Every structure is written in structure tokens, then in C-alpha cells.
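First the structure, in the form of C-alpha cells, and then the observations on it.
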Amino acid sequence: MSLLKYFQNMNIDKIIFDAIKEALVDLYNLEADEKQIQLQNTRKDFEGDITIVVFPFLRFSKKSPEATAEELGKYLLETVNVVESYNVIKGFLNLAIDKKYWLDVLQEAYSEKNYGIEFSTEKSELAMVEYSSPNTNKPLHLGHIRNNLLGYSISEILKANGKKVVKTNIVNDRGIHICKSMYAWQKWGNGKTPENSGEKGDHLVGEFYVEFDKHYKAEITELKEKGLSQDEAENQAPSILGARELLRKWEAKDEKTVELWKTMNGWVYEGFDVTYKKLGVDFDKIYYESETYLVGKDEVLRGLQEGIFYQKDDNSVWADLSKEGLDQKLLLRRDGTSVYMTQDIGTAKMRFTDYPIDKMVYVVGNEQNYHFQVLAILLDKLGFEWGKDLFHFSYGMVELPSGKMKSREGTVVDADDLVEEMVSVARDMSKELGKLETLTEEEAEKTYRMIAMGALKYFILKVDPKKNMLFNPEESIDFNGNTGPFIQYTFARIQSVLRKAKENKVDIDKELKPDSISAKEKDILKRISLFPGIVKEAGDNFSPAVIANYCYELVKEYNQFYHDHSILSETDEEKRNFRLILSASVSDVIKSGMNMLGIEMPDRM
RNA sequence: GCCCCGGUAGCUCAGCUGGAUAGAGCAACUGCCUUCUAAGCAGUAGGUCAUGGGUUCGAAUCCCGUCCGGGGUACCA
């Protein structure tokens, strides 16, 4: 049977897979499944494109690995016209695929504007991605950066996989933490505002949070010297009493308190907006905890009435999760106030009322794995059928060489500081290398920023999200090697080649001829052909790292070959044409990939 | 105590639905700017894949034990 009809639009793996399946029935009367037929890309040091592992078939062929591979190879060569030749090494059958096939891939990648990307339609699933989720009492730090970059990137990857995506942020705008900042500002603020001090709002509020902690600690020490226990001191210090008083007033909707709360949160939001903009992240819908926590409380009370939860003598409300192999979980304190879990129940309910969500994704650190395990069970118990399907995208912590980041000990890396530092390093390095001298000041500044953010984003996203990662602020981030700027740089060089081709009026829209493609060029083509599969894999596994590492491999392969080849001075017109198209396709693919990571690609650098 | 996650080159990380000789980058050392951008390219050196056992034709990858590190564990969020 001819497989020519698949030639244009079918994945080569699928063609070979089907052919092998047929072959196994013919040769050994074996109905093989996906587990038995193992296809893999042929390793660099062997000849061929696709490798079949024949060990699983030996039981049926009743022959040696070599003989089985030989027999299968012969069969495939005869029946599948894209198979050009084959060779056998031990139990491995290596197939070489016709150059025409790879050229078709290139033609497709080149002519299709969004190669490898699937767009959403009316019927597409809707995924809501929650990320960022800051508290309003302090500025964003390095940990938030990982969260924001992951959340944004995953959203883009899901979009590229044909999903409709709503990016959402739940702002933790109420509670004792913001009251601490409010108390400190009232007490020691002297009317300081972002306007009269020139400070960024979130940093200003964060300072008062630190100020609070300083006084609070001093008061505790003082009280302990007077003979109080640690516990008593912590609960009787004037500062904490003041902050709690503010929380009570806020919950009672005291006008002056609510006003101050609004004002100070407003400062923080202005500050956050600036940071978000720098990071290049955004949201379609923002929820505020002050608007959702009461909904959660109502749900818990409903659950209590329906006998899903139970109440203790002290009036606290609990869920019994022993059947699920977990513990008892508190849902309302004895004074009736809500806890974290209560709020998340409320937020979830509101979201599913607001949107027809098919998949809810929470981008939240792995220290909350237990929380989300419990949340899924509780939502399920409350009768929300989507509860158990929620997906906690759990990521590891960012560690510093000195250990954990701790706000109180001053070992945090502030997000704004880090970004500016990166930009400054990128600027200095560019100037030192004498780059971008032809650009205007404004254009150059924009490019420095792209490079700086490219370095930061790539550095964070290339690491497997679920693992903890180490960040060394002193060494900062490299601009060489497996980095964002390395990929941006190659992209910029390709743009330069394409610009010059255009200036020289080279017409690159010619038909591709299959002659004289080097093995190395074929490797690049093979890599390009993998892109749609990579996008899908990244979508299935929620993994920006898959995209990042793919881009790097492709760029490295391209660089290694084309560094020493002058494309434009190539006299063979067909060859030059091919190389230009290959270059253009490489740059399109890496741009698509890098954009999924939220990384912009500069035309010059 | 119990539960979850991790341990791969000096450092930071890939590879983990079992397949061929475990890969990159950084750092070190050696070459290459008269060639579309040297933020680059070519090369040298660097490994008991924490450890002991098991399953298998085949284990960094799967299972069990041990050690080390991180996180969680009923009124923080």
C-alpha cells in the first residue's frame, strides 16, 4: 500500500508506526500495541532518522535480534516509500527517511504562519489559570517572579494547544498582614505617601510592614523581661493589639479604617502594576479576597447544615478527612472567622459561577501541596463536580546560596531591584561589546530590556518547575551558553541575513529542490519537524522547560552548522535559497517557542 | 513520628512512559575575528548517575531498604 497520501500532512512517526503494525501482522501474525512498538530518533552517531527497538518482537519472530531487525527493515523498505534505506545494529533497526519528506516539513514550516500552533475555536476547552496571587503588605520578590513567569508561560502554552485561557489573579487584600502595615503607618508614618516621598507604593507599604515587625519584636522582648511568657508577650504586645483592633474595625466596616485600607492597598496596586508590566505578565480577571471570603464562609456553613462538616464544642467548624486518609481540617475558627481554606472555597465557587471552566489550574508553590489536596476533596464533598479535577501546578522554591529567602532577615531578592540590575548589566555588556551603536537611544534601551528579561525569564523557565532551583544573585545571570540571550542573538543574526538578502533582492520564495542537503542540515530539518510535537508535549505536561530546552537545542544545532557557512555568498542559487528558507524557518520556530515563554525577540542585538 | 518531593561532572541544569558509548552551559585550558553580528565557533579535561539490593535480554530511568537535603503535618496565608 502506498503511503504517499500521508506524505504532506502526516507525522512521520505515525506513518512508520502504522507500517510496522501492518508488518508485524504480516510477518509474525502479531497485533502489537503502542508499548511494543518503540520509535525513537536515531542517535547522532548512527546512520538513519528513526530507530525501532526490535527486542519486544523477538518472542514472536523466534529469531535473533539481528535477523528480526533485518527482516522488518526489508519489509518496510519495500512497502513504505518514504523509507529510503535501513541498517541494523544489534537489536536496533535504523531507518533513513527520504529527503523529500524533510523538505516537505521545511516547506510547511516556512509557509505556514503559525507552524505547530493550534488556535482555539468556539468549542475549545476553557482553562482558567490562577497565578501571582500576592499579599498586599509587601512588594514582589524572586519567588513571585518564578510564579508569575510560570503562570504566564503556561497560559501561553495552553493557548498554543488550542485552549481558551482566562488568566486570573487572586489578591490577598485583607487580613492581619495588611492591618499590620496600616497600624505602623498610622503610628509612625507621618503622613508619608508615594506622592510625597517618590517611593513605589508597594515598597512603601512593605517598609511599614517591616517597621511593624521591628516594634512588635521589641515589645515582646520588653514584656518578657517583665516576666511574661513568650506566648503571653506575643499576644499582649501593644502593636499586635492595635493591628487586631484594626482588623475588627475593618470587618465591622468602620468607615475610617476601610478608607485607610483602600488607600494603602491602592498604593500597592499601583506598584504591582509597574512590576507586572516590567515582567510582561497580565491578567484577564482579578479576584479580591475581600470579595470572596464571605462566599466561602457561606459554603462552609451550608456544608455544616448538610452534615458534610461538623462543629466542635468551642464552635469551630471542621471537616473529617480520615476516610480519605487525611486528618481533620479546620474551616472556621471558634470566633467564626474564616481561614485560608475557607477563602479558597469561596473563590473557587465564584470563578465557576463566572466562567464555564473546563480546567482550573492553580500556580502555587509546592509548600501548599497538602492544601490543594484537601481543597479538591472539600469542593467535591460540597457537591461541585469539578472539584476533584482541579490541577495544582506545583513548583519548587527559589533558593539562594545563603539558604531560604526570608523577608524579615533581609535575604529576599526584590523583583524590581533584580529587573533593574539585569537591565543595567545588559546595557553595560552591550556597550562594552560595541553593539547597537547604530540604534537610537530609545531603541537601544528597549533592546537592553528585552535581553535582560530574556535572560531572567529563560534562566527561570528552563528549569523543571517542580524542582527547587538555586539562584545566585552575585553571579547574576549569564548571557552566554544555554541562555535566553544566546537564542535571541541567533535570532537577531538570522534577521540580519534576511535583511541583507532582501537588500540584495534575493528572491527566496522558490520551490525547494532536494539536492545537496548535508547531514547536519537534515538534523536541523528533523528538529524543526519535532516542533508541533514539542508544543503538544509542553501542553500536556504544563512544561515551559520543554519548550526552552527545545529552542536551545535547535539554535545550537543551527549555530554549529551555519557559523562557518556564508549563506549570502553561496553561488549555487538553489543551495542559497534552501539555506535562507531554512534560516527563516528556524527563526520563526524559535520565535514561536520563545514567545510561549514570554520572551521577546530583538531584530538586532 | 507520619506524609510528599529531591540527590546526575567542581557549580547550575538536561536526560526519567526502561534501550546503543549518560548530555549541555558555567568555571579551567588550547585554537579561530579580512568571511551574512566573536553575546559566536572548534577542541582538551572533568562521572562508582547518593548508596545497597531486586525486576529485566537491557536500569540514571521501575520496585524495596538505607543515608543526606527540602517541604508539609488541626485555629498563619
Side-chain angles (χ1 to χ4, degrees), chain A residues 34-35 38 40 42-46 51 53-56 58 65 89-92 94 133 135 137 172 175-177 289 312 314 316-319 321 325-335 337-341 343-344 365-371 373 394 396-397 399 401 403-404 426 429-430 432-436 451 455 459 462-464 466-472 475 477-490 492-501 504 545-546 548-549 552-553 556 559-570 579-580 583 604-605:
Chain A
E34 281 176 41
K35 254 196 141 157
Q38 297 176 39
Q40 49 195 265
T42 303
R43 290 178 62 121
K44 286 265 153 55
D45 358 306
F46 299 96
T51 296
V53 183
V54 302
F55 288 107
L58 300 186
I89 295 167
K90 290 191 261 179
F92 300 91
N94 301 320
S133 311
N135 289 357
N137 62 324
N172 186 5
I176 192 72
H177 50 85
E289 212 177 85
K312 281 190 181 170
D314 64 3
S316 55
V317 177
W318 297 75
L321 303 175
L326 303 173
D327 276 331
Q328 312 296 308
K329 186 75 193 174
L330 177 83
L331 298 175
L332 288 177
R333 296 192 190 95
R334 60 179 150 235
D335 62 4
T337 55
S338 61
V339 295
Y340 181 32
M341 187 61 75
Q343 293 150 14
D344 258 2
N366 63 9
E367 72 271 16
Q368 289 182 34
N369 287 354
Y370 183 72
H371 173 82
Q373 199 185 341
S394 163
M397 300 199 297
E399 284 162 7
K404 265 189 82 171
M429 202 178 279
S430 287
E432 200 180 311
L433 291 167
K435 305 264 184 181
L436 303 177
I451 295 165
F459 184 86
K462 78 170 176 193
V463 180
D464 182 353
K466 68 171 184 289
K467 288 190 180 172
N468 289 356
M469 63 177 289
L470 192 83
F471 184 91
N472 190 337
E475 291 171 17
I477 292 176
D478 268 329
F479 291 79
N480 302 313
N482 183 1
T483 65
F486 170 73
I487 298 169
Q488 289 172 319
Y489 174 68
T490 305
R493 267 183 26 235
I494 294 176
Q495 302 323 301
S496 172
V497 171
L498 297 176
R499 268 196 305 273
K500 292 202 167 146
N504 297 341
V546 166
N549 288 307
Y552 175 66
E553 298 285 343
K556 197 171 156 59
N559 259 356
Q560 282 171 355
F561 187 67
Y562 280 106
H563 185 265
D564 302 324
H565 289 72
S566 182
I567 296 172
L568 292 171
S569 57
E570 174 59 64
R579 288 176 173 181
L580 282 169
S583 300
R604 302 161 204 263
M605 69 178 272

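The structure displayed is predicted, hence computed values, not measured ones.
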I'd like the [atom1] distance from [M] over to [N], given in whole Å.
{"N": "A9(B)", "M": "C5(B)", "atom1": "P", "answer": "22 Å"}
{"N": "A60(B)", "M": "C49(B)", "atom1": "C1'", "answer": "5 Å"}
{"N": "U66(B)", "M": "G7(B)", "atom1": "C1'", "answer": "14 Å"}
{"N": "A22(B)", "M": "U51(B)", "atom1": "P", "answer": "16 Å"}
{"N": "A28(B)", "M": "U34(B)", "atom1": "P", "answer": "25 Å"}
{"N": "C32(B)", "M": "A38(B)", "atom1": "P", "answer": "16 Å"}
{"N": "G23(B)", "M": "C62(B)", "atom1": "C1'", "answer": "22 Å"}
{"N": "G43(B)", "M": "G6(B)", "atom1": "P", "answer": "35 Å"}

NA contact type, [X], heavy-atom cut-off 4.0 Å: base, sugar-phosphate, or nothing?
{"X": "V463(A)", "answer": "sugar-phosphate"}
{"X": "Q38(A)", "answer": "base"}
{"X": "Q343(A)", "answer": "sugar-phosphate"}
{"X": "A545(A)", "answer": "nothing"}
{"X": "L470(A)", "answer": "sugar-phosphate"}
{"X": "S394(A)", "answer": "nothing"}

Practice problem: Figure out the CE/P separation between M341(A) and G72(B), and round it to whole Å. | Solution: 15 Å
Please name the nucleotide paired to [N] by Watson-Crick or G-U wobble geometry with both distances under 3.5 Å, or report none.
{"N": "G31(B)", "answer": "C41(B)"}
{"N": "G6(B)", "answer": "C68(B)"}
{"N": "G19(B)", "answer": "C57(B)"}

Exercise. State, with a plain yes or no, whether a side-chain heavy atom of Y562(A) is found less than 4.5 Å away from one of I494(A).
Key: no
Nearest to side-chain heavy atoms of [X], which nucleotide of [options]:
{"X": "Y489(A)", "options": "A38(B), A77(B), U21(B)", "value": "A38(B)"}
{"X": "L433(A)", "options": "G25(B), A39(B), A77(B)", "value": "A39(B)"}
{"X": "L330(A)", "options": "C36(B), A14(B), C75(B)", "value": "C75(B)"}
{"X": "M605(A)", "options": "G6(B), G19(B), A39(B)", "value": "A39(B)"}
{"X": "K466(A)", "options": "G6(B), C4(B), A77(B)", "value": "G6(B)"}
{"X": "R493(A)", "options": "U21(B), A14(B), G40(B)", "value": "G40(B)"}

Practice problem: Determine, using ring centers only, whether F459(A) and F471(A) are less than 6.0 Å apart. | Solution: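 Yes - the distance between ring centres of F471(A) and F459(A) falls below the 6.0 Å cut-off.
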Exercise. Indicate whether W318(A) forms a stack on A74(B); treat it as stacked only if centroid distance is below 5.5 angstrom and interplanar angle below 30 degrees.
Key: no
Quiz item: Would F55(A) pass as stacked on G58(B), i.e. its ring centre under 5.5 Å from the base's six-membered ring centre and planes under 30° apart?
Solution: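 Not stacked by the 5.5 Å and 30° rule.
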Quiz item: Any side-chain donor-acceptor pair under 3.5 Å between S394(A) and N369(A)?
Solution: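 Short answer, yes.
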Quiz item: So, is C41(B) syn or anti if syn means the angle is within 90° of 0?
Solution: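 Here C41(B) takes the anti form, which means its glycosidic angle is more than 90° from 0.
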Exercise. Select from I451(A) and E367(A) the residue whose nearest nucleotide in RNA chain B is closer to the 5' end of that strand.
Key: I451(A)
